[in-house]
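The next block holds one structure in the form of structure tokens; read it before the comments.
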Amino acid sequence: MMQARQVIVLIDGGHLRKCAEDAGYRYNPNFIEKVAKRCANQDEEIVRILYYDCAPFTGKVRQPVSGREKEFNGSDRWLHDLARRELFAVRRGVLKFRGWRPKEIPIQGAELSDEDFLPVFEQKGVDMRIGLDLAEYARKSFVSRVLVVGADTDLIPALKFARLNGLQVVGILLPEHRTRWEYLAHVDIPRQINFPEKPKVDKKARASRATEVVIADPASALADGDDFKVEETSAGPINET
């Protein structure tokens, strides 16, 4: 019997979240784990799953019209939950506050209030961490193949380095997303997967709850139920193994 090829799964959390929410799915640790395990074929054995994301922003900022302070806070326990799961390790970036933008452009009406603006956040450090891990696995030859759930063209230099050093890269293609050809040109094997079965979340209800705008990738937080919402906390690395 042929031995299964050992593989590592690397997941860009912002990319996976955007595709899942566009398709109307709840985004939580159970969903992430199911998607990760769907990435591998029957002849592959997953030996580690690396998940890259930011905990939501925490802190006080001044609102754009009134100047009053607004506080963002919450819990990052969903990342701790994920890190405790079998085969998982979590790599954290940082979410930065980048100001405010109007909800509607052009701005309507003479009188503006704080409610007419949305906070803007930017995710920092995630692509760098994915790139560093790709380079490290290529250098050490721990495995011969990695499965990458991502689509950011900023990863192209790391993909090039990995392939030049003998690491085979499988690009995992997700539903609800059209991957750019520039990215696909630097993977060895494109592999389409499907999301797990329902339940789904009502898109209109989710849109009505939205309170932030994020540059690049959004960061989410675990509510008391199974779904994610905004306004959470940022903390240091966990399970950095």
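Just so it is clear, the model here is predicted, and its values are computed rather than measured. The figures here come from the full heavy-atom set of this structure, side chains too, leaving out hydrogens, waters and symmetry mates.
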When you group the ILVMFWY residues by side-chain heavy-atom contacts below 4.5 Å and let the links chain together, are I156 and V187 in the same group? no
Kindly indicate whether the side chain of I193, heavy atoms from C-beta on, has any atom under 4.5 Å from the side chain of L174. yes
What is the minimum heavy-atom distance between V170 and R145, and which atoms define it? CG2-CD, 3.6 Å
For I130, run the side chain to side chain contact (heavy atoms under 4.5 Å, CB included) check against D133, V126, L132 and tell me which one passes. V126
Side chain to side chain contact (heavy atoms under 4.5 Å, CB included) for N30 and R85? Distances and angles first, verdict last. CA-CA 10 Å; N30 289 336; R85 298 192 176 210; 2.8 Å; yes
Any side-chain heavy-atom pair from Q63 and W100 closer than 4.5 angstrom? yes
Quick one: ring-ring contact (aromatic ring centres under 6.0 Å, His included) partners of F195, sequence neighbours excluded? Y25, F31
Counting only heavy atoms not in K103, do more than 12 fall under 6.0 Å of its NZ? yes
Which pair of non-hydrogen atoms, one from A36 and one from V9, has the smallest distance, and what is that distance? O-CG2, 4.1 Å
Determine whether a donor-acceptor pair (N or O, by modelled atom type, separation under 3.5 Å) exists between the side chain of Y183 and the backbone of G150. yes
Just jot down the side chain to side chain donor-acceptor pair (under 3.5 Å) partners of S141, sequence neighbours excluded, or say none. none
Show the nearest heavy-atom pair for residues L159 and H186, with the distance to one decimal. CB-O, 3.6 Å
With side chains defined as the heavy atoms from C-beta onward, is the minimum distance between F88 and E86 less than 4.5 Å? no
To the closest 0.5 Å, what do you measure between CG (D12) and NZ (K18)? 12.5 Å
Do I8 and Y137 have side chains that approach each other closer than 4.5 Å (heavy atoms only, starting at C-beta)? yes
Distance-only, no hydrogens or angles: does the D116 side chain make a donor-acceptor pair with backbone N or O of S113 under 3.5 Å? yes
With sequence neighbours left out, what residues match K60 under side-chain contact (heavy atoms from CB on, under 4.5 Å)? E69, E71
Whether over 12 other heavy atoms sit under 6.0 Å from E104 CD: no
Search all heavy atoms of A55 against all heavy atoms of R92 and return the closest pair with its distance. CB-NH1, 3.7 Å
Please indicate whether R191 has more than 12 foreign heavy atoms, meaning atoms of other residues, nucleotides or ligands, lying under 6.0 Å from its CZ. yes
Listed by chain and number, what are the salt bridge (charged side-chain N to carboxylate O under 4.0 Å, His left out) partners of R5, not counting sequence neighbours? none
Atom CD of E45 and atom CG of L87: how far apart are they, to the nearest 0.5 Å? 8.5 Å
Do I46 and I172 land in one hydrophobic cluster if side-chain heavy atoms of ILVMFWY residues count as linked below 4.5 Å? yes
I need the minimum non-hydrogen distance between A158 and G131, along with the two atoms involved. CB-CA, 3.5 Å
D53 with R91: basic N within carboxylate O range, under 4.0 Å: no
Heavy-atom side-chain contact between I11 and V148 under 4.5 Å: no
Got a donor-acceptor contact below 3.5 angstrom from the R98 side chain to the V120 backbone? no
Sequence neighbours left out, what passes side-chain contact (heavy atoms from CB on, under 4.5 Å) with A151? Give chain and number order. H15, H177, T179
Is the shortest heavy-atom distance from the side chain of L10 to the side chain of L134 under 4.5 Å? yes
Taking only residues two or more places apart in sequence, or in another chain, which ones meet N165 in a side-chain contact (heavy atoms from CB on, under 4.5 Å)? A138, F161
Are D81 and R77 close enough, and set up right, to give a salt bridge (charged side-chain N to carboxylate O under 4.0 Å, His left out), and what steps lead you there? CA-CA 6 Å; D81 178 357; R77 66 183 181 274; over 6 Å; no
To check you understand the geometry: which heavy-atom pair defines the closest contact between C54 and G93, and what is its length? SG-C, 3.4 Å
Once the angle between the rings of W78 and Y51 is folded into 0 to 90°, is it parallel (under 30°), tilted (30 to 60°) or perpendicular (over 60°)? perpendicular
Is any side-chain heavy atom of C39 less than 4.5 Å from a side-chain heavy atom of V149? yes
D114 side chain vs V65 backbone, donor-acceptor pair below 3.5 Å: yes
If we ignore hydrogens and angles and just use 3.5 Å, is the side chain of R38 paired with the main-chain N or O of N194 as donor and acceptor? yes
Could you tell me whether a side-chain N or O of E44 sits under 3.5 Å from a main-chain N or O of N41, the two making a donor and an acceptor? yes
Taking D188 for its side chain and V169 for its backbone only, find out whether a donor-acceptor pair lies under 3.5 Å. yes
Under 4.5 Å between any side-chain heavy atoms of V7 and V146, yes or no? no
Taking everything shown except E115 itself, do over 12 heavy atoms lie less than 6.0 Å from its CD? no
